[in-house]
Amino acid sequence: MKYNFNEIEAKWQKYWSENQTFKAENNSDKPKFYALDMFPYPSGAGLHVGHPLGYIASDIYARYKRHKGFNVLHPMGYDSFGLPAEQYAIQTGQHPAVTTETNINRYREQLDKIGFSFDWSREVRTSNPDFYKWTQWIFIQLFNSWYDKSEEKAKDVTVLIEAFQKNGNNGIVAVCDEDTPAFTAAEWNGFTTAEKESILLKYRLTYLADTEVNWCPALGTVLANDEIVNGVSERGGYPVVRKKMTQWSMRIAAYAERLLQGLTQVDWPEPLKDIQRNWIGKSVGAQVRFKLMDHDAEIPVFTTRPDTIFGVSFMTLAPEHELVGKITTEAQKEAVAAYVEATAKRSERERMADVKTISGVFTGAFAEHPFTKEPIPVWIGDYVLAGYGTGAVMAVPCGDQRDFDFAKHFELPIPNIFKDTDITEQAFADKENTVIDNSDFLNGLDYKKATAKAIAELESIGQGAGKINYRLRDAVFSRQRYWGEPFPVYYVNGMPKMIEKEHLPIILPEVEKYLPTETGEPPLGNARVWAWDTNENKVVSNEMIDNETVFPLELNTMPGWAGSSWYFNRYMDAGNDSEFVAQRALEYWKDVDLYIGGSEHATGHLLYSRFWQKFLFDKGLVPVEEFAKKLINQGMILGTSAFVYRLENTNTFVSKGLIEGRSVQPIHADVSMVNASDELDVEAFRNWRPEYSDAEFQLEGGKYIVGREVEKMSKSKYNVVSPDDICKEYGADTLRMYEMFLGPLEQAKPWNTAGITGVYSFLKKLWKLYHNGDDFEVSDAKPSSESLKSLHKTIRKVEEDIDNFSFNTSVSTFMICVNELTAQKCNSRAILEPLAVLISPYAPHIAEELWQLLGHNESIATAPFPVFEAKYLVESTKTYPISFNGKMRFTLDLPADMGKEEIEKIVLEHEKTQAQLEGRAPKKVIVVPGKIVNVVG
RNA sequence: GCUCGAGUGGCGGAAUUGGUAGACGCGCUGGAUUCAAAAUCCAGUUCUUUCGGGAGUGUGGGUUCGAUUCCCACCUCGAGUACCA
């Protein structure tokens, strides 16, 4: 019988599905293991060979853990809300739900063919009302919570209200809006309901606020910071402008410190943690309040260098700063207004493009130095960002390069406050070697001491305090799109109200058009049935809105990261209708033991998920604060594009070797038309597109050779390789092993189908080991000691590799093992049976088939993993490398238990040693028993 | 600019705590089998060489009996970030 992978793979995929082989139990005496992949957005293009890389790795690990006796949860689902389906809907009128369903089916088919051990009974789809019901519910929990700084914990808003009733907000240390006023209990109790609501919004963990948002006109929606790359939208590359809008926001900044600290508790790649740390951007310093002269106002600034306070020679406000309008003098009004307007017009991108141009305008106003009482001119400049710190800086030109450049440009004074430094050319920013001078009570102190002293003095005069600042901003949570979770929110007199849990989900309404309305409302503004009836507790027609019992519903939808911020918890108890997850399921599964996915989610999904998890933890809804113990970033699989070279202004194509010195234009050719030797199928190319039908070719050696280049795998580059094609031609087991064989999981690497034959012939060789000619045949004879050695070497190495996620080296190890066993003509059951188990995580189909042929009636999936026994590897001799001055020159077989002195003696007496030394006497001989001999001389 | 990560044959890559550099696979070369091809099998394949050897892991230096591995400086590529006070 030949190795018929098509038949075998179809057979076992059917078997697994029918027998629910990989269904995980929520009740089990076995230890649990939760292996998770970042779930995909089901795009219309389907999967290419790069997508399953991480899934294969986690599948190998999951299968391995089953062999090791674990109860494994290995689920898969779809992040099925998203822009592409909506864009497609706008173009074609096709409902996004329909497109999404089609795409999901396609994905499922592709995934099934690769033989993953997913528990499909737990599949989730974020766009499914059964799922987003709970996304809406979590949103409500956030709305009903505030962050207590004194205990570093989210708490229920009812606790806050009680405190307000008793003591006002004095004594409440909370994360809230900057402009939250102070009030007494009497004042609170005197507020109207609307006033109370508006105050509470300043505390809620999700809140509605006028915020400067990143508005993307082309997409017609706002974007979060992490959705903008280089000043343009991540998706589509459209320009983004700043705009003030009323939006839902998430108070993620409240969790900045815990998000930072939590990183020390998880086993995630260090570079990924670094990205998160940078994004959170903690800086320690002080808040200093500068009194304005001639105004009853103050400018608060944040500085990391309070020690340099005597070096302040001017201040700079962001052009958007609220004080700019108030303090600008008559004489400067015109110049300031012009500058503010010019800045507002400049897009984020332009502003970033020229960071070298120094610009700014004097407001005419002066602040007063807190210690010297000297007047300090107040400027505005766009190098100060409105969104960071207080949107204002105290400029210390002698110690900060930007302040220095600004001062030089506008000829402002640059007083030097550092002892023995030269600041004629540039600022002195070296904290380590700082000695403060010309600074009154700070003179002679170093950076650390001066900072502490400055803060203490500022506190004593009531004009400042130590402060920690974070770069992490609250996250905008509204999107002006159709295909997302609707908010469970309706509005009474402009104040948001939550819909009760019992009435969820609030299902996405039907609309005729997926575009914004004519009045600029989000697409949900097109819905005719989109009002909340507070008597009936259901969604009713807009015509019934009377703002007494029927109210308008929220028109925005939630962003892409809403569903993905908690889906990993849902898998633990996916079908639950009455809870987001049953506590019992949470207690058993707790957290993800292994999470595999791309590092591009570092500042999006992986940060937001940690935030929600911490929130849910605070509320006692989940048992652990970090949802994923270990995380691995799989590297991207790149495509190998093929190029043909067209002579300019002709339809003649020149083979790669002949383009030298000629004026040619490289054009992507579809990689499916090119063979492993880079030869183009000329006929296929002519048939590819009408404009090439009469193409002429200049060949070399009768062949057209294409150029190759490694690029991202994408449709537009015609370098996409589909896993379906590979499965059809070589089988899923080959695909799985080859993807692993390509190189280390975490590294980016190019795909090259040519190399796959090596893995394919390996599987054929493996098959042959169990066969004699066409017949299955294994013997019950005692295995040879060589075979036992080959097997146990392999067990040890493979186990070690899986523990280290070094799957590429395992594949090599299997190859070596099969090569050795073939050479030994081994067909002993005692070797081949454990070998099948060993290989089954990697190549599960062939392993199942061989397992069955070996006489087993049950799936191999839970067969115990072979146990390594060192006794089979004990060697009586050791081949010593004999090196001279560190270079290996020859080897010598010596008894493994031979002592140092004896080895040295034998080596020195050896004729080759004499030849190497050429008569010189050895200065020194290093003998490391069991390792090496090194002769120095 | 700053912060990370990586540089090893024609290619993908391997090398345990510093101890035989190039495992394994592709490709290539030669051979067997075949009418021929595919498939399969065998041998070779870092460079260089006067066939004894010699050199060699981005470059230069250092530590060491011994460095792909550790340290310093530099070069190149990739990723993240973008005036963060």
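Everything numeric in this text was worked out from a predicted model, so none of it was measured. No hydrogens, no waters, no symmetry mates; every other heavy atom, side chains included, goes into these values. Naming convention: chains lettered A, B, ... in sequence-line order (proteins, then strands); numbering from 1 in each chain.
- Checking A:Asn752 against A:Tyr738 by side-chain atom types alone, no donor-acceptor pair falls below 3.5 Å.
- Between B:G13 and A:Gln747, a contact under 4.0 Å exists linking OP1 or OP2 to a side-chain N or O.
- The aromatic rings of A:Phe5 and A:Tyr760 sit perpendicular to each other, their planes meeting at more than 60°, with 30° as the lower class boundary.
- Put simply, CG on A:Leu638 is 17 Å from P on B:C11, counting in whole angstrom units.
- With hydrogens and angles ignored, the 3.5 Å screen pairs no side-chain donor or acceptor of A:His771 with any backbone N or O of A:Lys2.
- For the 3.5 Å distance criterion, the side chains of A:Asp801 and A:Ser810 qualify, holding a donor opposite an acceptor.
- Taking atom P in both B:G9 and B:G56, the straight-line distance is 15 Å, to the nearest Å.
- In this entry the distance linking CD1 of A:Ile882 with P of B:G19 reads 17 Å, nearest Å.
- Glycosidic conformation, B:G9: syn, with the torsion inside 90° of 0.
- Remark: B:U40 base-pairs with B:A32; criterion is Watson-Crick or G-U wobble with both hydrogen-bond distances under 3.5 Å.
- Heavy atoms of A:Val936 sit under 4.0 angstrom from primed sugar atoms or phosphate atoms, though from no base atom.
- Judged purely by atom type and a 3.5 angstrom limit, A:Lys749 uses its side chain to pair as donor or acceptor with the backbone of A:Pro744.
- Atom-to-atom, CG of A:Leu745 to P of B:G13 comes out at 13 Å; the value is rounded to the nearest Å.
- Using a distance-only test at 3.5 Å, with no hydrogens or angles considered, no donor-acceptor pair links the side chain of A:Asp382 to the main chain of A:Thr343.
- Taking the P atoms as reference points, B:U69 lies 9 Å from B:U57, given to the whole Å.
- With hydrogens and angles ignored, the 3.5 Å screen pairs a side-chain donor or acceptor of A:Thr640 with a backbone N or O of A:Trp751.
- The residue A:Lys749 sits close only to the backbone: its heavy atoms come under 4.0 Å of sugar-phosphate atoms, none of a base.
- Atom-to-atom, OH of A:Tyr880 to C1' of B:G19 comes out at 12 Å; the value is rounded to the nearest Å.
- Here A:Ser283 reaches the OP1 or OP2 of B:A85: one of its side-chain N or O atoms lies under 4.0 Å away.
- The residue A:Lys282 sits apart from the nucleic acid: no heavy atom pair falls under 4.0 Å.
- Straight-line distance between the P atoms of B:G58 and B:A15: roughly 16 Å, to the nearest whole Å.
- Across all strands, A:Thr891 comes closer than 4.0 Å to base atoms (heavy-atom distances).
- Glycosidic conformation at B:G52 (O4'-C1'-N9-C4 for purines, O4'-C1'-N1-C2 for pyrimidines): syn, within 90° of 0.
- Summarising the base pairing, B:G78 is matched to B:C4 through a Watson-Crick or G-U wobble pair whose two defining distances lie under 3.5 Å.
- Protein atom CD1 of A:Ile816 is 13 Å distant from nucleotide atom C1' of B:G13, rounded to whole Å.
- Note: A:Phe807 and A:Tyr842 have perpendicular aromatic rings, judged against thresholds of 30 and 60 degrees for the angle between ring planes.
- A:Asn808 has a side-chain polar atom (N or O) that falls below the 4.0 Å cut-off from OP1 or OP2 of B:A14.
- Pairing of B:U59, defined by two Watson-Crick or G-U wobble distances under 3.5 Å, is identified with B:A73.
- One cannot find a donor-acceptor pair under 3.5 Å joining the base of B:U16 and the side-chain atoms of A:Lys797.
- Remark: B:G10 base-pairs with B:C26; criterion is Watson-Crick or G-U wobble with both hydrogen-bond distances under 3.5 Å.
- Between B:G25 and A:Asn819, a contact under 4.0 Å exists linking OP1 or OP2 to a side-chain N or O.
- Nucleotide B:C24 holds its P atom 11 Å from the NZ atom of A:Lys793, rounded to whole Å.
- Comparing the P positions of B:U17 and B:C70 gives a spacing of 11 Å, expressed to the nearest Å.
- With values rounded to the nearest 0.5 angstrom, A:Lys712 atom NZ is found 13.0 Å from A:Ser641 atom OG.
- Atom CD of A:Glu270 and atom P of B:A79 are 21 Å apart (whole Å).
- Side chain A:Asn934 to base B:C65: a donor-acceptor pair is found below 3.5 Å.
- Atom-to-atom, CG of A:Asp274 to C1' of B:C4 comes out at 6 Å; the value is rounded to the nearest Å.
- Of the candidates B:G19, B:G12, B:C84, the closest approach to any side-chain atom of A:Ile926 belongs to B:G19.
- When the side-chain contact (heavy atoms from CB on, under 4.5 Å) test is applied to A:Glu904, the partners found at least two apart in sequence or on another chain are A:Leu908, A:Val925, A:Val927.
- Nucleotide B:A85 has no partner under the Watson-Crick or G-U criteria, as no pair reaches both atom distances under 3.5 Å.
- Proximity of A:Lys924 to the phosphate of B:C65: a side-chain N or O atom is located under 4.0 Å from OP1 or OP2.
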Please write out the pairs of protein N or O atoms and N or O atoms of nucleotides 50-57 of chain B separated by less than 3.5 Å, giving the distance to one decimal.
unit_1, atom_1, unit_2, atom_2, d
B:G54, OP2, A:Arg889, NH1, 3.3

Does the pair A:Lys408 and A:Glu425 meet the rule for a salt bridge (Lys or Arg N to Asp or Glu O under 4.0 Å), with working shown?
-> CA-CA 10 Å; A:Lys408 275 264 173 206; A:Glu425 291 304 319; over 6 Å; no
Please tabulate, one pair per line, each protein N/O and nucleotide N/O from nucleotides 61-63 of chain B that are separated by under 3.5 Å, including the distance.
none

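- Among the heavy atoms of the strands lying under 4.0 Å from A:Thr757 are primed sugar atoms or P, OP1, OP2 only; no base atom is included.
- Using cut-offs of 30° and 60° on the angle between ring planes, the pair A:Trp379 and A:Phe314 is perpendicular.
- Nucleotides B:G22 and B:G10, compared at atom P, are 16 Å apart to the nearest Å.
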